[in-house]
Amino acid sequence: MFNDIQQTIEDKIKAWSAANDITLATLKWTAIPFSGEWGVSTSFFQTAADEARAGKGTGKPVPQRAQELAEQVKVQMGSVEGISHVEAIKGYLNVYFATGAYARRVVDTVLASGTDFGRGSAKGERVMVEYCQPNTHHSFHIGHYRTTILGESLARLTEFAGFETIRASYPGDIGLGVITVMWAYDKFYKGQEPAGVHERGQWLLKIYAEATALLEKHDDETPEQTTQREAYEAERREMYRKWDVGDPEVRALWQETREWSLAEMHDILDTLDVKMDVFFFESEVDEPSKAIVQELIERDIATDERSIGGPVIVKIDEKLGLAKEKYRTAVILRSDGTSLYLTKDLALARVKFEQYHVDRSIYVVDFRQSLHFQQAFKILEMWGFPQAAKCYHLSYGYITLPEGAMSSRRGRVILFKEVADEAVKRVLSVESEKSGDIPESERESIARQIGLGALAYSILSVDNNKDIVFDMNEALSFDGRTGPYIQNAHVRANSILKKVNGQLPPAEFRHNMEKHEIELIEKISRFPAVVEQAANEYRPMVMAMYAYDLANTFHSFYHAVPVMQTEDGEVRNARLRLVAAAKQTIANALRLLDIHAPDVM
RNA sequence: GCCCCCGUAGCUCAAUGGAUAGAGCACCAGCCUUCUAAGCUGUAGGUUACAGGUUCGAGCCCUGUCGGGGGCGCCA
């Protein structure tokens with residue numbers, strides 16, 4: 001956390017190596033495996049190996065030579081301000097911090113920074129995170145939730161790490177699926193409309209599933225059924241055509257039903273505390289996207305095969321001179337002149353670069369689109385956008401059901417709303433036996449925080465490229481490595497602090513600290529580095545792991561180390577400040593995971 | 001045929017090329033007159049799919065094999 005001490009040591013090592021004609025490899029600092037004290041560690045394996053390769057070594061095995069070097073440095077080190085002692089062990093140089101001074105510094109820094117503890121310095125780069133791409137006219141299911149929570153957490157991380165961050169959503173509000181719902185609604189349900197935002201959204205999903213069944217070809221259908229199906233199909237096609245040419249009636253129907261879905265989506269985003277900066281609607285990028293195709297043809301990036309009845313394509317592998325198939329050939333415009341997913345994404349990327357001036361563009365989209373994005377990024381590169389190098393597809397695995405993939409068309413989905421409601425219900429059912437004193441007026445809201453926290457954590461704590469087989473009991477578990485476990489650490493910290501009404505007199509940390517105290521301080525001090533890592537690697541999971549680790553350390557501390565019962569006032573004050581610092585760090589970590597940190601539960 | 005992801009404890013998952021591969025769940029044994037037991041402590045559980053290679057050092061990098069998932073010019 002504090003690099004100045006580390007820097008002092010590093011300078012000393014460099015001076016020593018220069019004086020002794022030793023070619024020092026780059027020093028990498030890591031945390032020492034915890035053993036009751038804390039500090040940082042670096043090794044000399046690389047330096048020893050370099051020596052051996054250069055032929056100027058001593059002929060000794062690398063580990064032995066590394067240990068020798070570490071010992072020499074240790075002898076050479078002398079005393080350094082803020083360092084209690086140094087040890088050379090197994091080729092590593094372990095530098096231990098002077099406990100009291102370091103502890104005080106960490107705790108004071110956290111308390112002074114508050115909600116800003118861990119915030120990175122401004123990076124001078126603008127990041128756009130595109131996530132939450134639900135289709136309208138269906139309902140928001142648990143798969144949409146995964147991109148939303150993943151993207152929101154990532155956006156919070158990049159923002160906190162110091163990147164200027166723009167949150168973007170790209171709802172699919174037009175396409176065959178949308179038209180299918182409109183057709184069925186218009187034909188069978190015109191004028192009807194259930195009350196309630198979510199009821200309406202879910203009703204559309206039901207209509208979609210019904211419509212799909214009507215339009216699906218069956219092997220054993222009778223001639224009458226075939227005629228019927230083909231007539232339906234023709235009606236749907238006609239409706240799409242009318243939408244395309246801007247028929248007022250169809251457009252009005254579209255606007256109305258689209259609004260139902262968007263209302264539901266906004267309600268869910270509110271529930272999740274997601275504040276989008278920009279919405280790119282598929283319907284709005286459709287028309288402009290066609291214009292870029294001509295430009296790509298003129299630049300000789302795309303090949304127009306329309307004269308022979310074909311589409312417009314980009315032969316990526318051929319253009320790159322690749323012998324093996326890798327990016328293949330991408331179609332960027334249908335032979336009938338209509339746009340495709342890729343057409344729109346290329347156009348959208350240009351808007352992001354030129355209108356929003358983004359330096360990095362991150363797409364939180366499921367892993368099945370990985371070829372699509374590889375193609376898109378390559379084409380952008382050929383097109384001459386340097387930002388293409390900093391485009392990143394954060395792919396994630398599907399959420400499937402035990403019986404197989406979810407399918408909106410078959411109506412076989414787990415809706416986010418169902419899960420969220422169930423989560424709150426389950427929390428309320430255990431609140432009476434497990435909770436502390438929760439004011440009646442807050443019970444519902446805290447139950448929501450805990451339920452949604454459990455759900456969010458169950459998604460964020462799994463590596464994004466893993467598939468998740470959705471299990472309600474697992475997703476909403478409150479025990480062990482879960483959101484509520486972390487929230488509970490925050491609550492316990494708060495319950496101690498309540499007893500002094502938040503009064504935190506200064507403290508020196510001169511007492512002989514127990515290992516649980518030291519370990520807690522060590523974990524807290526790692527938070528800023530974890531923020532950097534999670535943001536740089538685009539991995540919310542790193543923060544999820546850390547949050548658990550920190551809470552786990554706090555729970556152990558809480559159990560083993562008395563705070564209010566401490567007789568010595570000086571020690572009590574120090575521990576109170578440590579508890580406050582832990583509470584703050586837990587809250588900051590949870591916030592980056594889009595999880596609330598309640599004061600009671 | 002080609003490309004991408006994955007394979008770690010019974011199950012679900014971790015582990016910037018670095019020290020003794022770690023958690024949770026499940027199982028077993030303890031801990032509430034003491035700051036919230038949604039908790040803590042302990043036991044048990046491993047040939048990191050397999051075979052080579054690179055490296056002082058490989059779960060991690062490279063090659064191959066096997067197994068699972070996904071994708072591959074007009075769906076999104």
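Chain naming here is simple, since letters A, B, ... match the order of the sequence lines and numbering starts at 1 in each.
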Query raised in the report: So, is the end of the A:Arg258 side chain (NZ or CZ) under 6.0 Å from the ring centre of A:Phe281 and within 45° of the ring's axis?
Result: yes

Query raised in the report: 5'-most contact on RNA chain B: A:Met564 or A:Ile313, nearest heavy atom basis?
Result: A:Met564

Query raised in the report: Roughly, in whole Å, what's the span from CE in A:Met541 to C1' in B:U12?
Result: 14 Å

Requested in this report: Tell whether A:Arg328 reaches the base of B:C2 with its side chain through a donor-acceptor pair below 3.5 angstrom.
Outcome: yes

Query - Span that lies between the P atom of B:G45 and that of B:G22, in whole angstrom - result: 14 Å

Requested in this report: Could you give the distance separating B:A9 and B:A49 at their P atoms, to the nearest angstrom?
Outcome: 8 Å

Query raised in the report: For the pair made of CG in A:Leu476 and C1' in B:C25, what is the distance, rounded to whole Å?
Result: 15 Å

Query - ring centroid sep under 5.5 Å plus plane angle under 30, A:Tyr92 with B:G18 - result: no

**Report entry** Pairwise P distance for B:G17 and B:G59, with rounding to whole Å
**Finding:** 13 Å

**Report entry** Spacing of the P atoms in B:A14 and B:G1 (rounded, Å)
**Finding:** 31 Å

Query - Same-atom distance (C1') from B:C11 to B:G71, integer angstrom - result: 29 Å

Query raised in the report: Just to confirm, is there a sub-4.0 Å distance from OP1 or OP2 of B:C3 to any side-chain nitrogen or oxygen of A:Lys324?
Result: yes

Query raised in the report: Considering only the C1' atoms, how many Å lie between B:U54 and B:A58, rounded to the nearest integer?
Result: 10 Å

Query raised in the report: Can you tell me how far P in B:U48 sits from the matching atom in B:A19, rounded to whole Å?
Result: 15 Å

Query raised in the report: Under 4.0 Å: is that the gap between some side-chain N or O of A:Arg334 and OP1 or OP2 of B:C75?
Result: yes

**Report entry** Stacking check A:Phe367 vs B:G70 (5.5 Å / 30 deg)
**Finding:** no

